[in-house]
There are 2 protein chains.
Amino acid sequence: MTSKQVESVHEASLEILENVGVLVRNQEARQLYVQHGCEEEIESSVIKFPRAVVEQFRQSIPSSFTFHGRDPSFDRTIPEDGPIFCTGSSAPDIFDLESNEVRRSRSDDIARIAHLVNELPGYDLFAISVTADDAPDGQQSLSRFYPALKNCQKPVYGSAPSIDEVFDILKLCFLIAGREAAFWERPFICLGYCPVISPLTMDVESTEKLIRFTELGVPCYGVMAPTAGLSAPLTLTGSLALTNAEFLAQTTLEQILKPGKPIIYEALPTVVDVRNGAYSPGGIETGILLMGCAQMADFYNIPSGGFAGLTNAKSSDVQSGFETGMSSVAALLAGLDLLRIGGLLDALKIFDFSKVVIDNEIALMLKQAARGIQFSEDNLALDTIAETGPGGTFLNKSHTIERMRTTPFLPDIADRLSWSQWKTGGAITPQAQALNRVREILSVDNPAVFSAEVDQSIREEFVGLVAGDSLPIAASMKPI
Amino acid sequence: MTSKQVESVHEASLEILENVGVLVRNQEARQLYVQHGCEEEIESSVIKFPRAVVEQFRQSIPSSFTFHGRDPSFDRTIPEDGPIFCTGSSAPDIFDLESNEVRRSRSDDIARIAHLVNELPGYDLFAISVTADDAPDGQQSLSRFYPALKNCQKPVYGSAPSIDEVFDILKLCFLIAGREAAFWERPFICLGYCPVISPLTMDVESTEKLIRFTELGVPCYGVMAPTAGLSAPLTLTGSLALTNAEFLAQTTLEQILKPGKPIIYEALPTVVDVRNGAYSPGGIETGILLMGCAQMADFYNIPSGGFAGLTNAKSSDVQSGFETGMSSVAALLAGLDLLRIGGLLDALKIFDFSKVVIDNEIALMLKQAARGIQFSEDNLALDTIAETGPGGTFLNKSHTIERMRTTPFLPDIADRLSWSQWKTGGAITPQAQALNRVREILSVDNPAVFSAEVDQSIREEFVGLVAGDSLPIAASMKPI
């Protein structure tokens with residue numbers, strides 16, 4: 001989009017908020033909006049936003065967002081440290097590592113995935129990738145955050161079904177940090193919520209989360225997830241305008257509650273498959289719409305994020321490769337700062353261990369693409385070109401030797417052997433190579449696990465808590 | 001790159017050509033260069049290019065390039081009709097469709113591939129994808145161009161080992177066109193050559209091709225193929241500067257020979273895998289370097305092309321998917337007009353029928369990405385958003401229904417079924433789905449084949465010529 005078109009999307013969003021408004025089912029939210037200059041249609045619970053109100057509150061959104069890791073060396077601030085990469089989150093199912101069958105996911109899966117993400121350099125954050133079907137009653141969130149935090153020193157992102165569970169998560173974090181103040185100095189979790197149900201509806205519970213999480217001061221922000229053709233217009237422009245209006249509605253409430261609250265402009269926009277209504281996050285349109293979101297965020301001078309590498313594929317196959325690769329490159333080149341890319345198959349429903357390792361490689365390729373052509377006089381290499389001369393070789397030049405480990409990205413999963421070398425070496429598929437890497441990482445004790453004392457204090461506090469340990473893979477792991 | 005950096009690369013190229021020069025082994029080329037203002041170092045055969053000479057001759061390069069198809073509806077002019085897509089070319093090996101084993105490729109493979117490309121809407125051109133191991137003596141090129149032209153009405157791109165073989169190709173084309181003048185009005189082939197061997201060397205034979213093909217007036221242009229770390233500096237900037245210098249050297253000769261000759265700025269830039277010297281066109285660096293080439297071509301106001309979707313993968317697997325998908329999106333978004341993307345595995349060495357169908361889908365996704373967010377007041381859909389209102393559905397709105405077939409890209413290979421639907425339907429992999437499509441297309445008589453009279457005249461002219469027919473797949477085709 002041209003900058004004029006970006007402005008038109010902004011203008012259209014203001015018009016939508018002013019004329020159509022947002023159905024706000026949460027009474028507290030309606031009151032807050034009205035107290036700060038919005039108008040309520042009493043019978044319908046629709047809030048209308050004068051443009052001045054929206055324009056006023058968006059001014060206080062900070063231009064950067066910081067994720068803290070349990071280990072400060074993993075702290076990441078965007079856009080400065082971007083692009084940064086993250087796993088996909090909350091898949092209910094998983095390919096069992098030992099049997100390769102699909103089953104419900106569990107807390108011990110989270111422990112293993114957290115261990116992997118801690119070791120895989122492409123990931124900057126760990127969004128808790130699966131749910132925990134084995135969670136004891138009342139410990140749904142603890143059974144996800146505990147194995148995640150125990151096994152990963154990178155920032156941990158997750159959600160919580162209620163404010164009560166957030167208090168448990170915070171208690172867990174205080175024990176890990178040693179004391180409450182230490183956690184608040186560097187809060188090493190981030191919570192997400194989806195406060196707007198497209199089109200233009202904020203319901204009771206998810207808006208409650210927005211309010212309570214924001215009041216608490218824990219790092220948190222919302223995600224918009226419109227589906228063009230169902231909950232948004234079936235044009236990319238119209239869908240973007242609606243998404244942007246929804247973003248402005250929710251963030252107005254956030255800034256009313258806490259002016260200066262850092263957030264990320266984050267979305268998971270899709271287009272419906274009109275043939276059968278299928279949810280299609282693997283479509284290239286998700287990549288295109290995220291390019292638009294990145295531009296809108298840039299217009300507002302706030303960091304952007306999105307689910308940029310999703311796939312509808314059923315295994316780590318060619319579809320998984322091109323769907324994850326294409327949308328993520330598109331979003332990256334449009335300037336998206338945070339890409340949620342890793343590990344999920346079947347439209348966010350199934351986690352796959354081979355995919356999380358393959359997506360780590362894709363993330364590293366994307367980081368290489370983001371560096372791009374690093375222009376400098378030295379990099380132009382005119383002296384070396386002259387020294388080498390027509391018909392010479394660059395292989396033995398010091399200019400080349402100095403850059404052997406820095407210029408090219410050296411893949412671990414993508415095979416580059418000749419056909420005969422590859423055949424002789426056992427014709428290992430990329431998927432099998434990825435699972436070899438999983439086995440390798442999980443066979444080593446996880447250095448990220450916190451001390452026995454901390455663990456004891458946690459287990460005393462939360463009786464009956466899941467074990468939360470990353471287990472090595474049984475020798476019987478089924479080969480692909 | 002910023003526009004200043006683009007200019008710096010241009011300046012660096014001029015400096016390389018002026019100070020380092022190009023080793024020109026072809027005597028006729030040296031004479032032509034010298035007659036038009038270049039300087040020859042007699043002992044070394046190095047030609048040095050005063051910047052004024054380079055700047056003068058690049059002015060006559062046209063800003064567009066037209067490919068003609070045997071059927072005029074397939075004519076494509078870039079950049080106007082771009083981005084356009086093409087198969088990869090000249091792989092020596094192929095996955096046999098019936099046995100799925102790798103073997104030498106043959107003329108009947110070319111016939112089948114041409115048939116497929118004719119039917120697959122993602123492809124605008126057919127670059128003859130494989131060599132013909134069964135070619136009779138002296139009919140190497142005929143055994144490639146005949147099955148290609150017989151089975152495909154889209155523009156056909158190929159190469160020829162010598163000028164003699166080009167005369168045979170032209171004779172074939174005249175018979176197809178009915179008469180010589182009819183062919184020259186709309187020449188439906190395009191020839192390629194690689195006149196510069198990096199670094200900075202033009203050898204006898206390939207430069208001979210540049211000269212003779214250009215004199216003939218058949219559409220043709222050169223491709224640069226530097227490998228950073230071996231034949232180019234191990235920096236992306238330096239490699240780009242050298243590539244650009246080599247482009248300017250070859251195109252200066254073309255424009256000396258025929259001022260106003262249309263060309264494409266085309267490259268296949270790679271970075272060596274420093275661990276084992278492997279040729280790595282699947283690396284993301286190829287995509288990044290092509291972004292640079294697209295920018296240089298744009299600076300010169302000439303169309304750009306490149307091998308943007310190559311892979312080192314050994315089958316249509318996840319590596320094939322992300323390598324092909326990522327570099328091609330990068331190059332596309334940087335403005336590359338022609339992407340050679342389709343069908344090849346194992347670093348251009350093996351053609352795969354499933355891949356050519358999968359890459360057709362990738363090409364269609366890329367065309368969707370190139371359309372991007374089509375901004376218009378109507379597309380903003382403000383009336384429809386107001387009509388739908390908060391909490392409504394867009395599914396039943398006329399605005400949606402009118403766009404059901406135009407807004408979303410509807411994939412054929414990428415599966416979007418739910419897990420249970422997919423399992424019930426036989427758990428068909430994308431690779432198997434692609435091969436089903438191959439079987440389907442090849443089972444129908446090819447409407448592109450030219451008339452029996454034309455065919456008879458060709459077979460009378462070239463005795464012993466290969467059959468050139470696209471054969472249906474044996475029922476025994478091995479499932480993936």
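None of these values were measured; they are calculated from a predicted model. No hydrogens, no waters, no symmetry mates; every other heavy atom, side chains included, goes into these values. By convention in this document, chain letters (A, B, ...) are assigned in the order of the sequence lines, proteins followed by strands, and residues within each chain are numbered from 1.
- The greatest number of non-hydrogen atom pairs below 4.5 Å with chain B, out of A:Leu332, A:Asp273, A:Thr311, A:Leu23, is found for A:Asp273.
- Between chain B and the residues A:Ser8, A:Ala347, A:Pro199, the largest count of heavy-atom pairs under 4.5 Å involves A:Pro199.
- When each of B:Ala232, B:Ala278, B:Gly282, B:Gly389 is scored by its heavy-atom pairs under 4.5 Å with chain A, the top score falls to B:Ala232.
- Both the backbone and the side chain of A:Thr400 come within contact range of chain B, each with at least one heavy atom under 4.5 Å from a heavy atom of that chain.
- Looking at every heavy atom in both residues, B:Pro233 comes nearest to A:His399 through CB-CE1, 4.3 Å.
- Neither the backbone nor the side chain of A:Leu345 comes within contact range of chain B; no heavy atoms are under 4.5 Å apart.
- With a 4.5 angstrom heavy-atom cutoff, A:Met291 touches chain B only via side-chain atoms.
- For the pair B:Thr407 (side chain) and A:Leu234 (backbone), a donor-acceptor distance under 3.5 Å is present.
- When the shell of 6.0 Å around CG of B:Asn19 is examined, it contains more than 12 heavy atoms from other residues, nucleotides or ligands.
- The most heavy-atom pairs under 4.5 Å with chain A, out of B:Gly277, B:Gly287, B:Gly321, come from B:Gly321.
- In this structure, chain A has a heavy atom under 4.5 Å from the side chain of B:Asn276, while its backbone stays farther away.
- For B:Glu285, the part sitting under 4.5 Å from any heavy atom of chain A is the side chain, from C-beta outward, and nothing else.
- The backbone N or O of A:Ser418 lies less than 3.5 Å from no partner atom in the side chain of B:Lys314, so there is not a single donor-acceptor pair.
- Contact record, B:Gly283 with A:Arg416: CA-NH2, 3.4 Å, taken as the closest heavy-atom pair.
- Among B:Thr2, B:Ile350, B:Thr406, the residue making the largest number of heavy-atom pairs under 4.5 Å with chain A is B:Ile350.
- In terms of heavy-atom proximity, A:Ile385 sits nearest to B:Gly238 at CD1-O, 4.1 Å.
- With a 4.5 angstrom heavy-atom cutoff, A:Glu361 touches chain B only via side-chain atoms.
- The two residues A:Gln368 and B:Ile288 come nearest to each other via the heavy atoms O-CD1, 3.6 Å.
- For chain B, no part of A:Ile401 is nearby; none of its heavy atoms comes within less than 4.5 Å.
- B:Glu15 contributes no side-chain N or O that, together with a main-chain N or O of A:Leu382, makes up a donor-acceptor pair within less than 3.5 Å.
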| request: Take A:Leu366 and B:Met326 through the side chain to side chain contact (heavy atoms under 4.5 Å, CB included) test and state the conclusion after the steps. | output: CA-CA 9 Å; A:Leu366 290 165; B:Met326 292 175 75; 3.8 Å; yes

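- Applying the salt bridge (Lys or Arg N to Asp or Glu O under 4.0 Å) definition to pairs two or more places apart or across chains, those involving residues 393-408 of chain B are B:Asp378-B:Arg403.
- Comparing A:Leu230, A:Val271, A:Leu395, A:Thr393 by how many heavy-atom pairs each has under 4.5 Å with chain B, the most go to A:Leu230.
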| field | Test log, rule side chain to side chain contact (heavy atoms under 4.5 Å, CB included), inputs A:Phe322 and B:Thr324 | value | CA-CA 7 Å; A:Phe322 69 72; B:Thr324 295; over 6 Å; no

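- B:Ile362 touches chain A through backbone and side chain together, each having a heavy atom under 4.5 Å away.
- To the nearest 0.5 Å, atom CG of residue A:Asn379 and atom CG of residue B:Leu240 are 11.5 Å apart.
- Residue B:Ala369 comes nearest to A:Ile284 through the heavy atom pair CB-CG1, 4.2 Å, listed as atom of the first residue, atom of the second, then distance.
- Atom-to-atom distance recorded for B:Lys4:NZ and A:Phe375:CZ is 8.0 Å, nearest 0.5 angstrom.
- In terms of modelled atom types and a separation under 3.5 Å, the side chain of B:Gln431 and the main chain of A:Val318 share no donor-acceptor contact.
- Put simply, of B:Ala434, B:Ser328, B:Pro430, B:Gly325, the one with the most heavy-atom pairs under 4.5 Å next to chain A is B:Pro430.
- For chain B, the option among A:Ser44, A:Ala245, A:Ser320, A:Ala330 with the highest count of heavy-atom pairs below 4.5 Å is A:Ala330.
- For A:Met365, the parts sitting under 4.5 Å from any heavy atom of chain B are the backbone and the side chain alike.
- Scanning all heavy atoms of the two residues, the minimum distance from A:Arg275 to B:Pro411 falls at NH1-O, 2.9 Å.
- No donor-acceptor distance shorter than 3.5 angstrom exists from the side chain of A:Thr237 to the backbone of B:Ile373, with no hydrogens or angles considered.
- The candidate with the highest count of non-hydrogen atom pairs below 4.5 Å against chain B, out of A:Asp93, A:Val329, A:Leu242, A:Thr201, is A:Val329.
- Partners of A:Arg25 under the salt bridge (Lys or Arg N to Asp or Glu O under 4.0 Å) rule, at least two apart in sequence or in another chain, do not exist in this structure.
- Contact annotation for A:Trp422: only side-chain heavy atoms (C-beta onward) come within less than 4.5 Å of a heavy atom of chain B.
- Per-residue counts of heavy-atom pairs under 4.5 Å with chain B were compared for A:Gly292, A:Ala334, A:Ser316; the largest is that of A:Ser316.
- No other option in B:Leu200, B:Asp317, B:Leu236 has as many heavy-atom pairs under 4.5 Å with chain A as B:Asp317.
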